[in-house]
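Here is how names work: the chains are called A, B, and so on, in the same order as the sequence lines, proteins then strands, and each is numbered from 1. Computed from heavy atoms alone, side chains included, the values below leave out hydrogens, waters and symmetry copies. Since the structure is predicted, the reported quantities are computational estimates derived from the model, not experimental observations.
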Protein chains: 2
Amino acid sequence: MSRRVTSQDVADLAGVSRTTVSFVLNNVHRFSIRPETAEKVRLAAQELGYYPNASAKALASNQTKNIGLIISRAPQYVASDPFLPQILSGLLDALKQNSQGLLLEWVEPGQQLQTYLELTRAHHIDGMILMTPRLDDPGLRALEEADIPVVVMGYIPGSSLHSVDVDNLTSAEAAVNHLIGLGHRCIACITNAPLPYSSAIQRLDGYKSALQKAGIEFKPELVREADFDIKSGHQQMKSLLQSDQEFTAVFVASDNVALGAYSALSEAGLSIPDDISIVGFDDIPMASFVTPTLTTVAVSGQEIAIESYNLLTRLMRGDLPESRSVTLPTRLIPRESSREIGRRGKRGERGAEKTSAKFVSCFND
Amino acid sequence: MSRRVTSQDVADLAGVSRTTVSFVLNNVHRFSIRPETAEKVRLAAQELGYYPNASAKALASNQTKNIGLIISRAPQYVASDPFLPQILSGLLDALKQNSQGLLLEWVEPGQQLQTYLELTRAHHIDGMILMTPRLDDPGLRALEEADIPVVVMGYIPGSSLHSVDVDNLTSAEAAVNHLIGLGHRCIACITNAPLPYSSAIQRLDGYKSALQKAGIEFKPELVREADFDIKSGHQQMKSLLQSDQEFTAVFVASDNVALGAYSALSEAGLSIPDDISIVGFDDIPMASFVTPTLTTVAVSGQEIAIESYNLLTRLMRGDLPESRSVTLPTRLIPRESSREIGRRGKRGERGAEKTSAKFVSCFND
DNA sequence: AATAATTACTAACGCGCGTTAATAGTTGCT
DNA sequence: AGCAACTATTAACGCGCGTTAGTAATTATT
């Protein structure tokens, strides 16, 4: 175990002072250094295999060169999040270009305030990106006056925090409009997550709004709340099928959850899109590889990540952007899972006798 | 922007010295502190909202309290890795219990050595976990004598690095044996990744070994290399179908890739398992929710993560474990995607005339 | 030739904390 | 009372680096 190489060692070998070494290696132009001196220093550093100590650098410069990604979700949900890799991919790529690091942190429910304070006050990181926070997160207030910049992925109404998000409401509306345009009138909805999560309520609102604009009555009985993972999608779809409600299409506000719905429909012997049309949300890689391919709203996790990072970078440089929030576009991608109603609608078979009245309303509009 | 709270402030408020504060907050028992003094200090710290500066602490104690997870894969592959969330979930959970942080790092191909040195020498982290390294990684040698502990997820033959892995070879063998037991004789293989990745070659070797033990000839024409993502699975399955080779089952060494194969088979109008049986590897959450549900080898990413972390922790404490590598068990989970051959084998239809000879070998064994 | 301005470099301090060696204060024993 | 053995606390140093204020050497200006 050889002793650690310090800048003093480099200075000694180059025959200059430690200060000069620092100036050269950090490209400080304010003090001019003779080119040959600089070269001598660089050579010495290379020869010794010198890497400046991260902690010392951070302490002296008050910059850790790390940004934090905070996940407001329990590990068991993290485990099956198909969106996380995309976010990470985008962030890692952007960070590498600025030779910054990514500190990943998961906050326990109820420990948010504690964790946020610890991270910001202890200066573990220079900036912070909050992934999928809950609206009722008790620590958000504190972050508004944190001493490091914060960017939220998602929208927190009434918060002064900067944020990046897709237009969940409009996008969900477009998804449901797509179904309405295909003639569907009885459209169920499975949310992507519990409603305290910002995206969940917005997508549900989009669903409601689309129905309203089309003059279709909103029925709470047609709504189910999923919980991020496939299993919950399966359960909630099953719950819908077991209810007395009739519907010919489902807007599932997350592809992952939608795949669970696929499974439940398949189990029930129902065909997509013959019996039920499905529209998802997110456009995860699998969406174009399932059978039938999934109609969905394309959201680029990488784009969200990059945009968040860019915003954060600007905040760290101290130049305040004019607008508090960035909204990214989405794109509806029609695939095989959604189709015009009645093309082969045999959904009525099950329990047709007792739901005939409602059934009419599904087709006669 | 209020001035940062330091331990001196706490000391002043509590009416003691900074040293005492340090002793109290770090639970140093070697010097005894009167309980009421300790209480005074704790109260003062709480009142001021004191959080010790991470960099200063790291510098003074030579411990960053961070461990690094290094991903040897380009961001575009990270983006569609269904296994990463499981690993992260396991790690985050374990880390939180020891109040450590996770630094995520991606290494560019060709930059491995550079990145490893930077991370270890600059002491960004206390320990390092290497995810899915390539066998030909030029930086591994350097890590063997790094000044921080390293654990590899996966097996690197001939390396002295500690490692955690599932028994890929035996597990793959079991998967293929399952197919052989169902009567299959012409079994194709699609690897999970390019062969320079350690797990890919081991799983392929397991496939070969199972064939050999069963007295079945290994045909290189029946092997394809996928590249982690679904799309590559789709492509390679297509490539198999377009070849002249006959086969009644495919061992796909990754569930994610297998789902791509599903898609290709579906496109080709072939049924799983009627025409082709499929066995996957990993047991990602989706495996039990696709139609048909996927027979696969269950690997717990979380377990791998936790085991890696435990090993790393022991190394960091300095107690060397007796064995260099930990091997975790797997479990074959038979589901719907694999079935006895010939139950409804109409796979011969396509190009039956020109492949009849081979075809015989698929059933007459 | 004398002074000012510029260039090239360095000594020394501070970042906030952990920790050792030393110092008062207290109790136990003969 | 007198010495030893603790107990409770602190002064002071070092971790490795960035950075300001300052010095010495050279060049430009009057």
Side-chain angles (χ1 to χ4, degrees), chain A residues 1-42 44-45 48-65 118 120-124 126 147, chain B residues 2-42 44-45 48-66 118 120-124 126 147:
Chain A
M1 181 81 70
S2 59
R3 204 179 54 79
R4 169 178 290 155
V5 178
T6 75
S7 67
Q8 184 64 60
D9 298 330
V10 178
D12 291 348
L13 182 60
V16 297
S17 80
R18 215 172 50 66
T19 308
T20 303
V21 172
S22 177
F23 285 162
V24 170
L25 298 184
N26 292 318
N27 293 311
V28 177
H29 293 297
R30 204 149 41 82
F31 299 85
S32 38
I33 306 277
R34 215 188 318 159
E36 54 246 51
T37 310
E39 195 52 29
K40 249 194 323 191
V41 170
R42 264 186 277 270
L48 293 175
Y50 169 67
Y51 290 88
N53 180 286
S55 309
K57 200 161 180 159
L59 180 59
S61 68
N62 203 23
Q63 280 204 23
T64 64
K65 285 284 186 183
E118 150 83 26
T120 56
R121 300 272 262 268
H123 210 265
H124 265 109
D126 295 336
D147 40 4
Chain B
S2 61
R3 205 178 54 78
R4 169 178 291 157
V5 178
T6 75
S7 67
Q8 184 64 61
D9 298 329
V10 178
D12 290 348
L13 181 60
V16 298
S17 79
R18 214 172 51 67
T19 308
T20 304
V21 173
S22 176
F23 285 162
V24 171
L25 299 184
N26 293 319
N27 293 312
V28 178
H29 293 298
R30 203 148 42 82
F31 300 85
S32 37
I33 305 276
R34 214 186 319 157
E36 54 247 49
T37 309
E39 196 53 31
K40 248 193 322 186
V41 170
R42 266 187 276 270
L48 293 175
Y50 169 68
Y51 290 88
N53 180 285
S55 310
K57 200 162 181 160
L59 181 59
S61 68
N62 203 23
Q63 280 202 24
T64 65
K65 284 286 187 182
N66 285 149
E118 150 84 26
T120 56
R121 301 272 261 268
H123 211 265
H124 265 111
D126 294 337
D147 39 5

Practice task
Given side-chain contact (heavy atoms from CB on, under 4.5 Å), test H124(B) with T64(B) step by step and report yes or no.
Solution key: CA-CA 7 Å; H124(B) 265 111; T64(B) 65; over 6 Å; no
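- Nearest nucleotide to the T6(B) side chain, out of dT20(D), dT19(C), dG16(C): dG16(C).
- In this structure, CG on N62(B) lies 7.5 Å from CG on N53(A), to the nearest 0.5 angstrom.
- Here N66(B) contributes atom CG and H123(B) contributes atom NE2; the two are 10.5 Å apart, rounded to the nearest 0.5 Å.
- The residue T37(B) sits close only to the backbone: its heavy atoms come under 4.0 Å of sugar-phosphate atoms, none of a base.
- Residue S7(A) is in sugar-phosphate contact alone, with no base atom involved, counting any heavy-atom pair closer than 4.0 Å across all strands shown.
- Summarising the geometry, atom CZ belonging to R30(A) is positioned 7.0 Å from atom CZ belonging to F23(A); distances are rounded to the nearest 0.5 Å.
- Among the atoms of the strands shown, none is found under 4.0 Å from any heavy atom of V28(A).
- In this entry the distance linking NE2 of H123(A) with P of dC17(C) reads 13 Å, nearest Å.
- The distance from atom CD of Q63(B) to atom P of dG18(C) is 11 Å, rounded to the nearest whole Å.
- Heavy atoms of I33(B) sit under 4.0 angstrom from primed sugar atoms or phosphate atoms, though from no base atom.
- Under the 4.5 Å side-chain criterion, counting only non-hydrogen atoms from C-beta, Y50(A) is in contact with L25(A).
- Between S17(B) and A56(B), it is S17(B) whose nearest contact on DNA chain D lies nearer the 5' terminus.
- Listed candidates were dG16(C), dT20(D), dA22(C). Nearest to the side chain of F31(B) is dA22(C).
- A close approach under 4.0 Å does occur between a side-chain nitrogen or oxygen of S22(B) and OP1 or OP2 of dG18(C).
- Contacts of N26(A) with the nucleic acid, taken as non-hydrogen atoms under 4.0 Å apart, involve only primed sugar atoms and P, OP1 or OP2.
- Counting to the nearest Å, the C1' atom of dG16(D) and the OH atom of Y51(A) are 17 Å from each other.
- An OP1 or OP2 oxygen of dT7(D) is reached within less than 4.0 angstrom by no side-chain nitrogen or oxygen of S32(B).
- As a whole-Å value, the separation of Y50(A) OH from dC17(D) C1' is 7 Å.
- Between the CZ atom of F23(B) and the P atom of dT9(D) there is a distance of 11 Å, given to the nearest Å.
- Whole-Å rounding puts the L59(B) CG to dC17(C) C1' distance at 8 Å.
- Contact check, R34(A) against dT7(C): no side-chain N or O comes under 4.0 Å of OP1 or OP2.
- A straight line from CG of N62(B) to P of dC17(D) spans 12 Å, rounded to a whole angstrom.
- Of the two residues near DNA chain D, T20(B) and S61(B), the one whose nearest nucleotide lies more 5' is T20(B).
- The OG1 atom of T6(B) lies 7.5 Å from the CG atom of D12(B); values are rounded to the nearest 0.5 Å.
- The side chain of R18(B) places no N or O atom within less than 4.0 Å of a non-bridging phosphate oxygen (OP1 or OP2) of dG18(C).
- At the phosphate of dT9(D), neither OP1 nor OP2 sits under 4.0 Å from any side-chain N or O atom of T19(B).
- For the pair R4(A) CZ and dC15(D) C1', the interatomic distance rounds to 9 Å; values are reported in whole Å.
- Regarding contacts with the backbone of dG18(D), a side-chain N or O of K57(A) is found under 4.0 angstrom from either OP1 or OP2.
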